[in-house]
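Letters go in sequence order (proteins before strands), and every chain restarts at 1.
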2 protein chains.
Amino acid sequence: MDEGINEVFAADEEGVRDGAGRRPITLADVAREARVGESTVSRVLRSHGSFSEKTRARVEAAVARLGYVPNRIAGTLASTGSRLIGIVIPSLTNIVFPDLLRGATAALEQEGFQSVIAVTDYDQDREEAVVGSLLSWRPAGLIVTGLEHNPGTRRRLLASGVRVAELLDTDGPGLDIVVGYSNRAAGEASARHLAGRGYRRIGYIGHDLTKDRRAAKRYAGFRDALGEAGLALVGEERVASPSSVEAGRHGLESLLARVPDLDAAYFSNDDMALGGYFHCLAHGLAVPERLALFGYNGLDVGRLMPQPLATIRTPRVEAGATAARLLCAGGPAAVVDLGFELIEGATA
Amino acid sequence: MDEGINEVFAADEEGVRDGAGRRPITLADVAREARVGESTVSRVLRSHGSFSEKTRARVEAAVARLGYVPNRIAGTLASTGSRLIGIVIPSLTNIVFPDLLRGATAALEQEGFQSVIAVTDYDQDREEAVVGSLLSWRPAGLIVTGLEHNPGTRRRLLASGVRVAELLDTDGPGLDIVVGYSNRAAGEASARHLAGRGYRRIGYIGHDLTKDRRAAKRYAGFRDALGEAGLALVGEERVASPSSVEAGRHGLESLLARVPDLDAAYFSNDDMALGGYFHCLAHGLAVPERLALFGYNGLDVGRLMPQPLATIRTPRVEAGATAARLLCAGGPAAVVDLGFELIEGATA
DNA sequence: ATCCGGATTGGCAGCGCTGCCAAATCGATG
DNA sequence: CATCGATTTGGCAGCGCTGCCAATCCGGAT
């Protein structure tokens, strides 16, 4: 009867895989198969505009028969706005960024958006490059991490006219939407907590602060609040590598070698603190009697340690989700401070 | 002189942000500004075909002056193959999948490809949906996790004619490219190791095996190899939740309540094992004398514990990178077994 | 039977770019 | 100064879809 269906595997009878010679099926093929116009097929597939029930059935039957998959590349080009959101994160090694992704992609999906992800390795030049690369997909919005960007990145972001959400930091001016919490205040809160508990010989173990600006802000806040309490860091150890359990363990070891009478250690994050805890366990240092430990992020693992880690819980998943929703909603520029929660734990 | 440059912020003098009225800059604008043809601009920007040095300079100047960002949506539609690879992973909560992403995106970027990521939450129906969604971007290839897919997913994958790489499992037939290692063999090796060390009352602590098929294969291999050694599991605990430190800690606690004389615990992965280790620490159970622990994945954290975790290191980053390279290379279907490495550690 | 308003439908011009092909240009040669 | 091959360039037809607009259809009112 109809030749349409024979076109499915046009010029390629060899079945599975190797569609080399197979012409891809387009909306026009579906229209021909269903004996309706192209725009009708388009309307039915997007449930947009009006069409009769009978037409819907015919189109859907044709789609099923041909195994048609709409081409979103073409769809996006033809329509005005894209349904894409670009997400730029510094790292995939630290679980906080997958957390952020998780919140964002879940919310995005609900709104019918797709996300494209790029990783900068904490390098601002790479950030500029990946922002350029993401912008070339003409996204409806961009989610980036932190407020610090090099001038090229800022220029591109601004010039593109694309909505931008900056995440996980509220200490400074934002470009558009800002969702997060104050890293500075988190550092301060940590210092006040340790000082209030009576610790006096406090040290810092951190990773590369020139790249991780948020960790640098926590460090600054911590130092300042310590100063206000009449205290000062009695020692610090910065490892050159990214944060890790290993860096925390070795960092604490080095610091203790130099400052044996340390009574509390503030770590740049929970991974580092976990490493420090392992060092204490391995060397029989009583926590927190001999040495108190304080982290940052509030990872699950800290809660499950024999002694729950004293730390600050940050709403990472929520930040991703909130940013995604705000971008989709298209409201005005805004700063959303989600706050953080100090967890007393048992290590400090 | 030339009106081109005045078009940059056409109809919008108010500067920064809110490009509402601003007409996006297209390749045609650049061509006009540089006083060359569109195809010349296209050639220069892609360094493809031939053009004089003088022309290159003029085009680049025009691009810089206008702040032009190529539109890859249009570029992809116009050219034949896309430079997109879709990546489907079950979860972002477990660090192994970000590891895989890391390897894949790094390799992909080097080859000039962009990746689009989707998460299934270990749900085969969601996998089918996200595969469909990714296919609508007409990717050059797809990276999926595992070999088990529901019939709809397989059909879509096959029908699309797109290259597919299935990762982290070699125990079964693949669709096209397969990169990973045998989970079954990993389970067997773990069992042989424990049996060889003289452990006799061995238990299993795992998460939801109906969803995580690879963990199920390790479990099966473990049981079988135990059987060959004349042993059997003396108890097992399956938590309904996804794997986590918490699940491991509570799982071991429950199991020990039921089987107090357990002498070794095999966990579905390192996160679970870490939880188990914490339980032992918290309750003063000597490891490995009173209870031996064995994990899976070879996470960094296991290596840094006071006693390094006995586990199996899996090449996750390498698997991602290898799959990406094979997809880009476009060679024939293949199975690449990257193997795994048993780490003796000190907990078993 | 005729007319009317709303529901439904099809045609077609782009979206911004690439790929093809023909035209123009250049430089060296006869 | 004409000629020829190689290099460089521009024009334009799509890629597959959406959005607009005009055409058609339908059922009830006149």
Side-chain angles (χ1 to χ4, degrees), chain A residues 7 10 22-59 62-63 66-84 112 114 135-140 160, chain B residues 7 10 22-59 62-63 66-84 112 114 135-140 160:
Chain A
E7 301 272 341
R22 183 177 3 172
R23 183 173 59 75
I25 293 152
T26 69
L27 188 146
D29 296 322
V30 177
R32 207 173 309 122
E33 172 80 7
R35 304 191 169 294
V36 299
E38 296 187 27
S39 30
T40 302
V41 177
S42 175
R43 275 185 296 255
V44 170
L45 291 179
R46 288 176 299 147
S47 308
H48 177 281
S50 66
F51 44 83
S52 67
E53 192 44 53
K54 202 185 65 186
T55 303
R56 174 204 294 281
R58 290 178 55 171
V59 169
V63 165
L66 300 184
Y68 170 67
V69 178
N71 183 333
R72 280 213 233 185
I73 300 276
T76 305
L77 180 62
S79 58
T80 16
S82 86
R83 306 286 285 173
L84 268 183
Q114 179 98 32
L135 284 176
S136 73
W137 290 102
R138 295 291 185 273
S160 71
Chain B
E7 302 271 341
R22 185 177 357 173
R23 183 174 58 75
I25 293 152
T26 69
L27 186 145
D29 297 321
V30 177
R32 206 174 311 120
E33 172 80 7
R35 304 186 168 296
V36 298
E38 296 188 27
S39 28
T40 301
V41 176
S42 176
R43 275 185 297 254
V44 170
L45 291 179
R46 289 177 297 147
S47 308
H48 178 281
S50 64
F51 44 81
S52 67
E53 192 44 52
K54 203 186 64 186
T55 303
R56 173 204 294 281
R58 290 178 56 170
V59 169
V63 165
L66 299 184
Y68 170 68
V69 178
N71 183 332
R72 281 212 232 186
I73 300 277
T76 304
L77 179 61
S79 56
T80 17
S82 88
R83 305 287 285 174
L84 268 183
Q114 178 98 33
L135 284 176
S136 72
W137 290 102
R138 295 291 185 272
S160 70

*Not counting sequence neighbours, which residues clear salt bridge (charged side-chain N to carboxylate O under 4.0 Å, His left out) with A:R83? List them please.*
none
_Tell me whether A:S42 contacts the main-chain N or O of A:E38 through its side chain, where contact means a donor paired with an acceptor under 3.5 Å._
no
*asked:* What verdict does the side-chain contact (heavy atoms from CB on, under 4.5 Å) test give for A:V36 and A:V41, after you've listed the backbone C-alpha separation in whole Å, the side-chain angles of each residue and the deciding distance to 0.1 Å?
replied: CA-CA 7 Å; A:V36 299; A:V41 177; 3.6 Å; yes
*How many Å lie between NZ on A:K54 and C1' on D:dC26, as a whole number?*
12 Å
*Hey, is the side chain of A:S50 poking within less than 4.0 Å of OP1 or OP2 on C:dT8, counting only N and O atoms?*
yes
_A:T76 and A:L84, any side-chain heavy atoms less than 4.5 Å apart_ = no
Quiz: residues 50-57 of chain B side-chain donor-acceptor pairs under 3.5 angstrom, not counting sequence neighbours:
| residue | atom | partner | partner atom | Å |
| --- | --- | --- | --- | --- |
| B:S52 | OG | B:T55 | N | 3.2 |
| B:S52 | OG | B:T55 | OG1 | 2.7 |

*Footprint string (nucleotides 16-25 of chain D, 5' to 3'): B base within contact, S backbone only, - free, heavy atoms under 4.0 Å*: BBSB------
*Listed by chain and number, what are the side chain to side chain contact (heavy atoms under 4.5 Å, CB included) partners of B:R58, not counting sequence neighbours?*
B:R35
*asked:* Whole angstroms only, please: what is the CZ-P distance between B:F51 and C:dC26?
replied: 18 Å
*Would you please name every residue forming a salt bridge (charged side-chain N to carboxylate O under 4.0 Å, His left out) with B:R46, sequence neighbours left out?*
none
_Test item: B:L27 and B:V30 side chains (from C-beta on) under 4.5 Å apart, heavy atoms_ = no
*Between the two end axes of the helix from C:dA1-D:dT30 to C:dG30-D:dC1, each built from 5 base pairs, what angle do you get to the nearest 10°?*
60°
